[in-house]
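Below is one structure, written out as structure tokens, with a few remarks after it.
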Amino acid sequence: MRKVLLVAGLAAVALTGCGSMNKVGSEEAKLVQLDSSTYRLSLYQPWMKQEVRVRESAREDAVAVCAERGQGMQPLSSTSEPAAGAKTGASVEYTFRCVGYVAAPKDANVFRRLGFYTSEEGRIQAQKELEEELAANNP
């Protein structure tokens with residue numbers, strides 16, 4: 001229920017394009033739109049000591065914000081702080097961009113092996129590529 005309310009609140013802020021503070025229980029989430037497709041999400045969870053888990057929660061919220069727009073999420077930066085001193089929980093500042101999806105290549109042969117070849121493998125691969133190039137240029 002908490003996640004549903006948080007995602008709904010983040011989506012509403014994303015649509016208006018301005019920052020606001022949204023509290024669900026004692027969690028604090030602030031989403032600020034930096035430009036037309038870039039956002040900064042500040043998330044504080046006082047019950048969580050491990051910033052890795054808060055960062056993962058912020059990533060999930062960012063994916064949800066971009067999904068509302070029918071786009072994918074591209075993370076740009078993440079800064080997290082563990083619980084320390086008077087601060088009881090961990091927090092994260094997560095900057096991301098909503099981007100369009102890229103279609104997969106239609107030809108599976110577009111990709112070539114990356115890596116190192118032995119001398120013999122290199123000679124064989126070079127000969128094979130030369131033959132393929134000659135076949136393509138001489139129908």
Side-chain angles (χ1 to χ4, degrees):
M1 183 67 176
R2 177 192 63 80
K3 280 226 182 236
V4 172
L5 291 174
L6 177 63
V7 170
L10 291 174
V13 170
L15 293 176
T16 61
C18 59
S20 68
M21 188 61 85
N22 186 20
K23 291 187 179 185
V24 179
S26 56
E27 177 179 77
E28 297 176 11
K30 181 179 180 183
L31 182 71
V32 178
Q33 187 169 4
L34 303 175
D35 66 25
S36 63
S37 64
T38 307
Y39 300 88
R40 179 179 300 126
L41 173 63
S42 300
L43 185 61
Y44 171 65
Q45 294 178 339
W47 65 89
M48 190 61 64
K49 304 286 186 212
Q50 301 162 332
E51 69 267 22
V52 173
R53 294 185 189 262
V54 179
R55 186 171 45 236
E56 179 60 24
S57 180
R59 187 196 66 78
E60 290 170 358
D61 293 343
V63 168
V65 168
C66 292
E68 292 260 332
R69 300 178 67 183
Q71 296 181 315
M73 189 275 296
Q74 176 187 22
L76 299 176
S77 68
S78 175
T79 306
S80 56
E81 295 179 14
K87 192 171 135 187
T88 59
S91 63
V92 67
E93 191 171 90
Y94 197 85
T95 306
F96 63 96
R97 177 179 297 137
C98 294
V99 295
Y101 292 108
V102 178
K106 297 186 188 318
D107 184 9
N109 296 324
V110 171
F111 302 104
R112 296 181 186 207
R113 173 182 167 188
L114 296 177
F116 297 102
Y117 294 104
T118 64
S119 296
E120 183 62 20
E121 286 177 328
R123 188 188 64 73
I124 293 170
Q125 183 64 26
Q127 181 65 31
K128 181 179 173 183
E129 289 176 4
L130 179 62
E131 290 171 1
E132 289 174 356
E133 187 176 326
L134 289 173
N137 291 333
N138 297 324

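Everything quoted here is computed from the prediction, not taken from an experiment. Excluded from the calculations below are hydrogen atoms, water molecules and symmetry mates; all remaining heavy atoms, backbone and side chain alike, are included.
Taking CZ of Arg59 as the start and CG of Leu41 as the end, the distance is 12.5 Å to the nearest 0.5 Å. For the atom pair Glu28 CD and Ser42 OG, the distance stands at 10.0 Å (nearest 0.5 Å). For the atom pair Glu51 CD and Glu56 CD, the distance stands at 13.5 Å (nearest 0.5 Å). Atom CD of Glu60 is separated from atom CE of Met73 by 10.0 Å, given to the nearest 0.5 angstrom. Rounding to the nearest 0.5 Å places CZ of Arg69 at 6.5 Å from OG of Ser37.
The minimum heavy-atom distance linking Leu31 with Tyr39 is given by the pair CD1-CB, 3.9 Å. Contact record, Tyr44 with Ser91: CD1-CB, 3.9 Å, taken as the closest heavy-atom pair. Residues Gly72 and Tyr101 come closest through the heavy atom pair N-CZ, 3.7 Å. What you find for Ala90 and Lys49 is that their closest heavy atoms are CB-O, 4.0 Å. Minimum heavy-atom separation, Tyr94 to Pro75: OH-CB, 3.4 Å. Looking at every heavy atom in both residues, Met48 comes nearest to Arg53 through SD-CD, 3.6 Å.
Residues Val99 and Gln71 are not in side-chain contact: their nearest non-hydrogen atoms beyond the backbone lie 4.5 Å or more apart. Looking at heavy atoms from C-beta onward, Ser80 lies out of side-chain contact with Val54 at the 4.5 angstrom threshold.
When hydrophobic clusters are built by joining Ile, Leu, Val, Met, Phe, Trp and Tyr residues whose side-chain heavy atoms come closer than 4.5 Å, directly or via intermediates, Leu43 is grouped together with Trp47.
Formation of a donor-acceptor pair under 3.5 Å by the Gln33 side chain with backbone atoms of Ser36 is found in this model.
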